[in-house]
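The chain is numbered in sequence order, starting from 1. Computed from heavy atoms alone, side chains included, the values below leave out hydrogens, waters and symmetry copies.
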Amino acid sequence: MFESAEIGHAIDKASYDAELPALREALLQAQYRLKEQARLSVLILINGIEGAGKGETIKLLNEWMDPRLIRVDHFDVPSDEELAHPPAWRYWRRLPEKGRTGIFFGNWYSKMLEDRVHGRIGKSDLALAIDRAQRLEQMLCKEGVLIFKLWFHLSKDRMLARLDSLKDDPLHSWRISPLDWQQSKTYDKFVRYGELILRRSSPDFAPWYVIEGSDERYRSLTAGRLLLEGLNAALDGVDQPPAQPHVAPAELNIDRLSLLGSLDLEQRLGKAEYQRQLVEEQARLSRLLRDRRMRKRGVLALFEGHDAAGKGGAIRRVTAALDPRLYRTVQVAAPTEEELAQPWLWRFWRNVPGRGQFAIFDRSWYGRVLVERVEGFCTPEQWLRAYTEINDFEEQLVEAGVVVVKFWLSIDKQTQLERFKERENTPHKRFKITEEDWRNREKWDEYGNAVADMVDRTSTEIAPWTLVEANDKRFARVKVLRTLNEALEAAIAK
């Protein structure tokens, strides 16, 4: 796979100097078109052999293009904050927004490759890491991220010759890092596993490009041309209507039996019994979150449900038992301009709790397959693939030690009507009712079908849904607390 990058590619100085001005001007023009269109972002992943010119190429790109529109991130040893979050968190929070370019020097491929070379992961773990990287990149591409994956290569002989020529040179020996010497000892393994990774992670939407790095001029022109041609192809592309995905009818319940309709919404708790159970469950929650074993885990509780189903009241009963320093509530509304400039899961990744943290989401990423689906704010292709993206997202959270608890609070249509009217007639509750609530009510059945589809596709063993019968607020609040406590106890037991 690297044969063509070991034959001594070179460009003479005259040819280089003749081509460079036009290349630089074209790159700048493409960069400004990218900013003006603001429908794509560019992510450049830099990998390869030490000494093959990775750092020099990054410096050149910043010199040739407008550095104000480029951000370079180097992912080396993770910080304590990064170690406290799922591994992908450190990458998600640094993604470039639309119209801009991000360069990841060291990235998810660097991590998996180093881990495999040094025996920290096995063959199956490497395969899983490659598969996860592919799913991430596919999602990013569909969300408007143009990914360039560049592998800078040197043959073993050229790498060793470079080290020999620099080691005794007092003016240039500083260019040799400990990583250079380390890789000289593991070169064969590094190339073998690197080839495996490139072979398995070069799909049409984000292919690898291997660049020989022994000649600076050849390396620089090749990287610049690749970037320019890819940018122009994407910027010149006319948006084509996507092929209609296979979408089954939303309503398949031929016998008219629905998931939400099958819930027993008549369950009740008397006031005295409610007060007793509420205090018990709140005390239980407080003890569990203070358990020192929970310092190794994050907790994420998300609340979805019908309008006026009592999500806010349930959340307040959860937080009432806690020190404000122990939790954070994330209110999810329509995305901001900053959030719209990023892949849709970005705004949720940035709020993922770290170890020892508790995050409560009032609405969540499930808006993509609920309100955005029903109201037509996203295409069928977008909400259909969101199921897979959500399941993958939650799997990563759970694997990183986050306890994920998902609640859907359900009420019947008559109860919702009564609560809407109560809100309109109560001054201090009037702010809770909007015209949008009444419009959503007109699509009651559509939302019910979307909820059933959502539960069927995303209630997994690692992150199941809990459907809460919420006609009686007391019953619902206690069930939420009890379910959360049981999830925490199960996590501690592990």
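Between Lys59 and Glu63, none of the side-chain N atoms (NZ, or NE/NH1/NH2) sits under 4.0 Å from a carboxylate O, so this pair counts as no salt bridge. Under a 4.0 Å N-O distance rule, the pair Arg385/Glu143 qualifies as a salt bridge. Note on Glu195 versus Arg199: salt bridge recorded, some NZ/NE/NH1/NH2 to OD/OE distance being below 4.0 Å. For Arg94 and Glu82, the salt-bridge test passes: some basic side-chain N is under 4.0 Å from an acidic carboxylate O. The pair Asp125-Lys111 fails the salt-bridge criterion, with no side-chain N (NZ, NE, NH1 or NH2) lying under 4.0 Å from an Asp/Glu carboxylate O. Lys406 and Glu394 are joined by a salt bridge, as a carboxylate oxygen and a charged side-chain nitrogen come within less than 4.0 angstrom of each other.
Taking the ring centroids of Tyr91 and Trp108, they lie under the 6.0 Å cut-off.
Pairs of residues two or more places apart, or lying in two chains, that qualify as side-chain hydrogen bond (donor to acceptor under 3.5 Å, both in side chains) and include a residue from residues 348-357 are Arg328-Asn351.
The ring pair (Phe, Tyr, Trp, His ring centres under 6.0 Å) with Trp365 is formed by just one residue from the set Phe393, Trp346, Trp344; it is Phe393.
Between Phe2 and His153, the angle of the ring planes stays under 30°, which puts this pair in the parallel group of the 30/60° scheme. A perpendicular orientation is assigned to the rings of His306 and Trp408, their planes being inclined by more than 60° (bins at 30° and 60°).
One distance of note links CG of Leu228 with CE of Met65; it measures 8.5 Å at 0.5 Å rounding.
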